[in-house]
Amino acid sequence: MEYNFRKIEKLWQQKWKEEKLYEVKNFSSKPKCYVLDMFPYPSGVGLHVGHPLGYIASDIYARYKRLKGFNVLHPMGYDSFGLPAEQYALETGQHPAVTTENNITSFREQLENIGFSFDWSREIRTSDPAYYKWTQWLFLQIFNSWYDEKENKARKIEELVKIFDAHGNTSDTGQQKSKINFTAAEWKTYDAAKQLDVLMQYRLAYAALGEVNWCEALGTVLANDEVINGFSERGGHPVVKRKMRQWYLRITAYAERLLKGLETVDFSDAMKEMQRNWIGRSEGAEMKFVTLTRTIENLQTENSIVVYTTRPDTIFGVDFMVLAPEHELVEALTTTAQESKIRAYQEYVKSRSERERLAEVKQVTGAFTGSYAVNPFSGVEVPIYISEYVLAAYGTGAIMAVPSGDQRDFDFAKHFRIPVTNIIGDQFDGEEANPTKDAILTNSRFLDGIMMKDAIPIVLQKIEELGIGVRKINYKMRDAGFSRQRYWGEPFPIVYKQGIAYPVGEGHLPVELPHVDKYSAGPEGEGPLANIPGWVHLAGSFKRETNTMPGYAGSSWYFLRYADPDNDHEFASKKATDYWNQVDVYVGGTEHAVGHLLYSRMWTKILYDLGMISFEEPFKKLVNQGMIQGSSRFVYRISGTNRFVSFNLKDKFETDKLHVEVNMVDGMILDTGAFKKWKPEFATAEFELENGKYICGAEVEKMSKSKFNTINPNDLIEKYGADTFRMYEMFLGPVEQSKPWDTKGIEGVHRFLKKLWRLFYDEQQRAVWTTEKPNDQELKILHKTIKKIEEDTARFSFNTAISAFMVCVNELGDCKCHKTDILLPLLILIAPYAPHVAEELYQAVTAATKEKFLSSNSILDSQFPSFESKYLIEYAKAYPVSVNGKMRTTISMDLAATQEDVEKMVLENEVIQKWTDGKPVKKIIYVRNKMVNVVI
RNA sequence: GCGGCGGUGGCGAAAUUGGUAGACGCACUACUUUGAGGUGGUAGCGCCUGAAAAGGUGUGGGAGUUCGAAUCUCCUCUGCCGCACCA
């Protein structure tokens with residue numbers, strides 16, 4: 001029998017499917033393990049070798065856990081709603097439902113070849129009404145919740161109504177601060193509409209008028225994480241700020257818990273740091289500055305500016321105040337003399353796009369209001385300016401400026417010639433600000449002589465004592481915009497009557513997405529759904545919400561649905577989610593660091609608070625697979641001709657660099673014949689060769705069709721088989737690492753599988769395996785491998801595990817070991833990596849040796865072998881020995897030395913005995929392969 | 001600017017976390033199998049000196065801790081990623 005991977009892979013994939021081998025049952029006496037991939041967006045551009053990387057990793061882990069006796073949930077589905085699917089549908093002129101379906105089919109076909117062990121019976125799609133019914137239902141639960149800051153959890157809105165009925169919102173009952181205050185009596189006088197309006201301010205999913213990121217080209221608003229430097233993440237279109245009524249998720253209520261939760265979860269440092277950064281927690285104080293506005297007639301003092309600062313210790317260094325241009329007090333503080341200047345500046349700020357602002361960060365601009373603020377500690381009056389470097393959205397939209405300690409404040413002071421107070425002595429050079437906390441304060445009255453960082457708590461306490469401010473924790477994170485003016489998303493289960501939002505009754509879910517023929521935007525920034533009057537207008541003058549939910553709605557909870565995918569009366573039964581519980585390992589790219597991963601963590605916390613699930617963090621461990629980059633090849637065409645010069649000759653001419661299809665290049669050598677046939681324009685190409693060859697240029701770039709550097713997994717599978725492909729992808733390097741694709745090395749892995757095959761069948765395809773009992777040396781090889789594979793697989797170090805397989809197979813080849821007692825356990829070890837070969841060989845052997853192994857139908861039902869440590873002791877010529885980490889000597893051993901022999905020789909060695917000096921030896925530790933540490 | 005992670009042969013990378021650096025694979029060289037190509041097999045392969053034996057040197061650079069450092073500490077150079085007017 002020869003290693004015919006094409007035949008055996010097809011055969012076993014077929015068989016596994018027929019026997020529903022990977023379908024997993026809820027509940028089992030076995031321990032559970034939930035291994036999940038981030039579900040893909042069915043985008044329509046075919047797969048390249050980078051896509052399956054994470055799926056291979058998770059598949060190996062899932063298969064490994066099955067062999068270890070776990071009941072493993074390893075599902076797959078599609079994130080089929082969202083902007084890109086709609087854009088793709090627009091470009092191709094087909095309905096998104098159709099393109100999505102097609103894309104899913106081709107995606108699935110490509111995946112099938114690789115031999116994954118997904119339980120396809122649990123497949124879900126976010127665009128399926130049976131699925132989004134529950135996305136809508138969950139939205140309503142969030143809509144019907146508020147955040148109790150005292151109990152630190154979400155609660156039902158009815159409970160808040162009870163609180164208002166009894167106490168109004170003035171007493172401290174945990175609800176968030178509100179702009180309007182009312183007593184219980186006042187609350188009861190409100191009519192239903194007014195009460196709903198008030199409640200809207202407390203809901204975890206709420207509609208409000210706010211500044212949104214509006215993308216004209218996409219015709220929709222975007223969430224903060226979908227905007228990168230003033231451009232849309234998707235498509236790179238300009239994004240502007242715009243006031244609109246939008247739905248939001250009150251993720252800010254969860255800021256602290258999202259931060260704390262990171263400590264309980266196994267994510268990479270980089271990932272945690274990105275999330276912390278996004279949440280952007282800072283500790284400081286809010287402080288009141290009374291303002292003085294001198295007009296010709298009188299002096300006004302009713303106003304006060306509240307600023308936020310993390311550096312209260314610098315209070316005596318405040319030389320001026322700055323408000324955001326949009327700040328509500330600007331008008332009141334502007335004196336008649338300054339009015340025109342302030343107006344002009346505000347106009348200027350309005351005229352600038354977000355993009356211009358970000359591009360010109362360094363430029364100092366601003367205007368003086370004419371008013372002054374009184375430093376509450378020193379009584380010093382400082383001028384009040386407005387400037388766009390102060391952001392309305394962060395803190396209180398106003399700052400106390402300390403030019404000696406903050407570079408931006410310093411630049412501003414310099415520009416407007418404001419005198420700078422030095423509060424840090426020689427630490428300030430007058431040339432630039434020094435933001436240190438380690439300086440001794442000067443010019444700071446009661447703080448003089450105190451180290452800045454020690455002064456912070458002193459000032460904080462004083463602020464609270466004097467009643468001029470409070471300690472305050474601030475977050476950069478904003479509430480998440482939750483509505484999109486697009487078609488291809490979940491419709492909101494919300495209807496309006498006279499502008500008041502009402503939830504759609506549960507019996508009316510799902511609110512199905514109606515079919516449309518055109519996707520053009522509706523009136524007034526509304527989405528395409530607004531163009532269907534028959535759908536929008538309901539009986540009783542109710543009107544539907546025409547926005548749809550964003551892409552992350554469906555993906556925020558999908559991991560829960562896999563536990564119970566066919567449930568049509570619950571999003572998932574509590575029993576099922578309790579059983580499968582947290583995702584044990586979640587595999588996916590880093591690109592969802594601040595989007596999906598934060599939203600799904602938030603939804604999980606809400607559901608936990610509402611008692612619907614029993615865990616607070618969705619993902620116990622996160623593995624971020626690296627990107628596989630493409631290795632592009634280039635040819636150099638002499639400008640204006642059809643002549644191509646080889647790489648090292650190109651500098652002699654003026655050339656254009658052109659991408660060339662990487663599959664036509666062997667190493668760096670171009671197949672000129674194939675090149676001529678590639679495109680009609682190259683049919684007449686001439687070549688300037690070096691040593692008879694055309695040498696290409698090379699660069700590492702993102703893998704993409706347009707760069708002609710994509711490698712299709714199917715081509716490799718056709719040539720080498722799925723097992724080789726799987727192992728090679730893992731052998732390239734650590735899963736987490738990004739690396740350029742290089743097809744060259746795949747031969748080595750393929751060779752390994754052929755060697756493995758030859759342990760069972762010789763060149764004449766005769767079975768050579770025997771049921772002879774193995775000797776100690778052979779057992780040692782096996783047990784060493786078992787130990788290594790178990791350790792490496794458990795910690796996702798698949799590249800080193802594969803190296804260990806190679807060593808093992810080489811060693812067994814060297815000692816001509818063909819014994820089933822060694823080979824069958826080895827096959828089980830390999831099964832997660834190369835399931836098809838392992839199954840084929842295992843079945844062939846067990847079929848022939850009936851009595852012993854027939855109990856298992858498939859290699860998947862077998863047990864991961866256990867190792868015995870007595871076989872792991874290394875044989876060596878010489879053992880270096882160190883005593884108590886102090887000195888080192890070398891003891892010669894013969895090759896057949898056992899553990900006992902080694903111990904005996906160590907203890908009896910003269911030099912060692914001299915060092916131990918009669919003290920008893922506590923233990924002998926074997927470090928590295930051939931070294932011993934003796935502890936006394 | 002701030003933050004995170006790295007830097008080891010010609011290349012991808014190992015090093016059981018302080019214990020013989022470079023496992024394993026690719027590429028390369030020689031021999032061998034074969035009519036030839038491919039395949040398979042054997043051996044060599046960090047760098048320098050040397051015919052060899054052997055010796056010296058070696059984990060971006062510099063210092064330090066240690067019997068012992070790729071691994072720990074400090075300084076420095078450099079690459080990648082993330083954030084960025086956040087008070």
Side-chain angles (χ1 to χ4, degrees), chain A residues 228-229 268-278 280-282 284 307-311 314 321-322 324 357-358 360-364 387-391 393-402 405-409 411-412 435 474-478 590-591 593-594 624 626-627 667 727-728 731-734 736-752 754-755 758 763 787-788 791-792 795 797 799-810 813 872 876 878-890 915 925-933:
Chain A
I228 294 156
N229 290 331
S268 72
D269 289 345
M271 177 59 63
K272 288 186 181 183
E273 205 50 40
M274 272 189 253
Q275 296 207 355
R276 285 194 195 105
N277 216 309
W278 184 261
R281 182 185 199 273
S282 62
V307 300
Y308 176 71
T309 180
T310 56
R311 296 295 301 273
T314 61
M321 311 285 285
V322 189
R357 259 181 42 112
L358 289 166
E360 298 162 22
V361 166
K362 294 273 136 56
Q363 208 178 321
V364 180
S387 173
E388 63 178 345
Y389 88 86
V390 174
L391 306 173
Y394 185 76
T396 59
I399 62 158
M400 56 180 227
V402 183
D406 183 291
Q407 192 58 41
R408 292 155 306 164
D409 295 349
D411 293 341
F412 193 86
N474 237 310
Y475 302 94
K476 278 194 248 179
M477 185 168 68
R478 305 266 76 95
T590 13
E591 66 271 18
V594 294
N624 296 116
M627 285 240 288
M727 286 191 106
Y728 184 57
F731 186 67
L732 273 176
E736 295 89 346
Q737 208 165 84
S738 289
K739 53 242 157 184
W741 178 262
D742 174 23
T743 302
K744 272 261 151 49
I746 199 167
E747 301 277 354
V749 174
H750 192 58
R751 211 165 284 156
F752 156 76
K754 286 194 284 189
K755 278 185 196 167
R758 262 183 275 121
E763 258 116 287
K787 183 169 191 277
K788 178 86 174 135
E791 283 168 0
D792 286 350
R795 64 185 173 109
S797 181
N799 56 328
T800 55
I802 293 169
S803 291
F805 284 130
M806 291 175 170
V807 172
C808 179
V809 166
N810 284 343
L872 296 185
Y879 262 96
V881 181
S882 83
V883 180
N884 222 12
K886 270 279 178 335
M887 272 303 168
R888 211 160 105 185
T889 186
T890 300
W915 279 328
I925 305 162
Y926 297 84
V927 282
R928 282 244 153 204
N929 283 345
K930 295 163 193 169
M931 179 159 163
V932 178
N933 273 351

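First the proteins, then the strands, lettered A, B, ... as listed; each starts at 1. Note that the structure is predicted; figures quoted are calculated from it, not measured.
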Check: Checking all strands, does A:Arg276 fall into the base, sugar-phosphate, or nothing category for heavy-atom contacts under 4.0 angstrom?
Finding: nothing
Notebook entry, point to check: Between the side chain of A:Asp409 and the main-chain N/O of A:Val402, is any donor-acceptor distance below 3.5 Å?
Noted result: yes
Item checked: Nearest-angstrom distance from the residue atom CG of A:Asp792 to P of B:C24 -> 15 Å
Margin query: Rounding to an integer number of Å, can you tell me how far A:Phe752 CZ sits from B:A23 C1'?
Written below: 15 Å
Item checked: Among A:Asn799, A:Val749, A:Ile746, the one residue meeting side chain to side chain contact (heavy atoms under 4.5 Å, CB included) with A:Met727 -> A:Val749
Next item on the list: Return the nucleotide paired to B:A43: Watson-Crick means purine N1 to pyrimidine N3 with N6-O4 or O6-N4, wobble means G-U with N1-O2 and O6-N3, both under 3.5 Å.
Entry: B:U29
Margin query: Within the 4.0 Å heavy-atom criterion, would you say A:Pro740 contacts the bases, only the backbone, or no part of the nucleic acid?
Written below: nothing
Check: Between A:Ser738 and A:Lys744, which is nearer to the 5' end of RNA chain B once each is assigned its nearest nucleotide?
Finding: A:Ser738
Item checked: P-based separation of B:G19 from B:G68 [nearest Å] -> 15 Å
Margin query: For A:Met400 and A:Thr314: C-alpha separation, side-chain torsions, deciding distance, then whether side-chain contact (heavy atoms from CB on, under 4.5 Å) applies.
Written below: CA-CA 9 Å; A:Met400 56 180 227; A:Thr314 61; 3.7 Å; yes
Note to self: Checking A:Lys788 against A:Asp792 for the side-chain contact (heavy atoms from CB on, under 4.5 Å) test, could you report, in this order, the C-alpha distance in whole Å, the side-chain angles of both residues, the deciding distance, and whether it holds?
What the structure shows: CA-CA 6 Å; A:Lys788 178 86 174 135; A:Asp792 286 350; 3.2 Å; yes
Note to self: For B:C24, give the paired nucleotide (Watson-Crick: N1-N3 plus N6-O4 or O6-N4; G-U: N1-O2 and O6-N3; both under 3.5 Å), or none.
What the structure shows: B:G12
Notebook entry, point to check: Expressed in whole Å, how much space separates the P atoms belonging to B:G46 and B:G9?
Noted result: 13 Å
Next item on the list: Using modelled atom types only, decide if a donor and an acceptor are shared between the side chain of A:Lys739 and the backbone of A:Pro734 within a distance under 3.5 Å.
Entry: yes
Margin query: For the P atoms, the ones on B:A13 and on B:U32, what distance do you get once it is rounded to whole angstrom?
Written below: 36 Å
Margin query: I need the CD-C1' distance between A:Glu736 and B:G6, as an integer number of Å.
Written below: 13 Å
Checklist line | Residues A:Gln407, A:Asp411; criterion side-chain hydrogen bond (donor to acceptor under 3.5 Å, both in side chains); working and verdict | finding: CA-CA 6 Å; A:Gln407 192 58 41; A:Asp411 293 341; 3.1 Å; yes
Checklist line | Who pairs with B:C80 - Watson-Crick or G-U, where each distance is under 3.5 Å | finding: B:G4
Next item on the list: For A:Asp406, report the nucleic acid contact type (base, sugar-phosphate, nothing); a contact means any heavy atom under 4.0 Å.
Entry: nothing
Margin query: Can you measure A:Glu747 atom CD to B:G38 atom P for me and round it to whole angstrom units?
Written below: 12 Å
Notebook entry, point to check: Distance-only, no hydrogens or angles: does the A:Arg758 side chain make a donor-acceptor pair with backbone N or O of A:Gly813 under 3.5 Å?
Noted result: no
Note to self: A:Thr743 vs A:Tyr728, test: side-chain contact (heavy atoms from CB on, under 4.5 Å). Steps then yes/no.
What the structure shows: CA-CA 9 Å; A:Thr743 302; A:Tyr728 184 57; 5.8 Å; no
Next item on the list: For B:A87, give its Watson-Crick or G-U wobble partner with both distances under 3.5 Å, or none.
Entry: none
Note to self: Is B:U71 syn or anti, taking syn as a glycosidic angle within 90° of 0?
What the structure shows: anti
Next item on the list: Take atom C1' in B:G4 and the same atom in B:U39, then report the distance between them in whole Å.
Entry: 48 Å
Notebook entry, point to check: Between B:C5, B:A87, B:C26, which nucleotide has the shortest distance from any of its atoms to the side chain of A:Arg751?
Noted result: B:C26
Checklist line | Base paired to B:A53 (Watson-Crick or G-U; both N/O distances under 3.5 angstrom) | finding: none
Check: Which whole-number value in Å describes the distance from A:Met271 CE to B:C81 P?
Finding: 15 Å
Notebook entry, point to check: With a 4.0 Å cut-off on heavy atoms, is A:Asn474 in touch with a base, just the backbone sugar-phosphate, or nothing at all?
Noted result: nothing
Margin query: Need to verify one output field. Residue with the more 5' nearest nucleotide on RNA chain B, A:Gly748 or A:Ala270?
Written below: A:Ala270
Notebook entry, point to check: In the strands shown, is B:U73 matched to any nucleotide by a Watson-Crick or G-U wobble pair with both distances under 3.5 Å, and which?
Noted result: B:A63
Under 3.5 Å, which N/O atoms of the protein pair with N/O atoms of nucleotides 83-85 of chain B?
{"residue": "B:C83", "atom": "O2'", "partner": "A:Asn277", "partner atom": "OD1", "Å": "3.4"}
{"residue": "B:C85", "atom": "O3'", "partner": "A:Arg408", "partner atom": "NH1", "Å": "2.2"}
{"residue": "B:C85", "atom": "O2'", "partner": "A:Tyr389", "partner atom": "O", "Å": "2.7"}
{"residue": "B:C85", "atom": "O2'", "partner": "A:Arg408", "partner atom": "NH1", "Å": "3.4"}

Item checked: A:Ala393 backbone acceptor or donor facing A:Arg478 side chain under 3.5 Å -> yes
Which atoms of nucleotides 10-12 of chain B (N or O only) lie under 3.5 Å from a protein N or O atom, and what are those distances?
{"residue": "B:G12", "atom": "O2'", "partner": "A:Leu732", "partner atom": "O", "Å": "2.5"}

Note to self: Under 4.0 Å, counting only non-hydrogen atoms across every strand here, what does A:Arg795 touch: a base, just sugar-phosphate, or nothing?
What the structure shows: sugar-phosphate
Item checked: Distance between C1' atoms of B:G10 and B:A27 (Å, rounded) -> 8 Å
Notebook entry, point to check: Between atom CG in A:Asp269 and atom P in B:C80, what is the gap in whole Å?
Noted result: 21 Å
Note to self: Taking the C1' atom in each of B:G41 and B:A21, what is the distance between them to the nearest angstrom?
What the structure shows: 30 Å
Next item on the list: Go through the steps to decide whether A:Thr590 and A:Met274 satisfy the test side-chain contact (heavy atoms from CB on, under 4.5 Å), and finish with yes or no.
Entry: CA-CA 10 Å; A:Thr590 13; A:Met274 272 189 253; 3.9 Å; yes
Notebook entry, point to check: With a 4.0 Å cut-off on heavy atoms, is A:Lys754 in touch with a base, just the backbone sugar-phosphate, or nothing at all?
Noted result: sugar-phosphate
Margin query: Please confirm whether the shortest side-chain N or O distance from A:Tyr308 to OP1 or OP2 of B:A87 is below 4.0 Å.
Written below: no
Notebook entry, point to check: Taking only side-chain nitrogens and oxygens of A:Asn810, does any of them come within less than 4.0 Å of OP1 or OP2 of B:G25?
Noted result: yes
Notebook entry, point to check: Between B:A87, B:A14, B:G40, which nucleotide gets closest to the side-chain atoms of A:Arg758?
Noted result: B:G40
Note to self: Can you classify the ring geometry of A:Tyr308 versus A:Tyr394 as parallel (below 30°), tilted (30 to 60°) or perpendicular (above 60°)?
What the structure shows: perpendicular
Note to self: With rounding to the closest Å, how many angstrom separate the P atoms on B:A70 and B:G7?
What the structure shows: 13 Å
Notebook entry, point to check: Taking CD1 from A:Ile399 and P from B:A87, how many angstroms apart are they, rounded to a whole number?
Noted result: 11 Å
Notebook entry, point to check: When all nucleic acid strands are considered with a 4.0 Å heavy-atom cut-off, which category describes A:Asn799: base, sugar-phosphate, or nothing?
Noted result: sugar-phosphate
Item checked: Closest to side chain of A:Val807, choosing from B:C24, B:G4, B:A87 -> B:C24
Check: Mind checking who B:G18 pairs with, Watson-Crick or G-U wobble, both distances under 3.5 Å?
Finding: none
Note to self: With a 4.0 Å cut-off on N to O distance, would you call A:Arg795 and A:Glu791 a salt bridge?
What the structure shows: no
Check: Taking O4'-C1'-N9-C4 for purines and O4'-C1'-N1-C2 for pyrimidines, is B:G37 syn (within 90° of 0) or anti?
Finding: anti
Next item on the list: Send over the distance from A:Asn624 CG to B:C5 C1', rounded to a whole Å.
Entry: 13 Å
Notebook entry, point to check: If we take the P atom in both B:U73 and B:G18, what is their distance in whole Å?
Noted result: 11 Å
Next item on the list: Taking the side chain as every heavy atom from C-beta outward, state whether A:Asp406 and A:Phe412 have any atom pair closer than 4.5 Å.
Entry: no
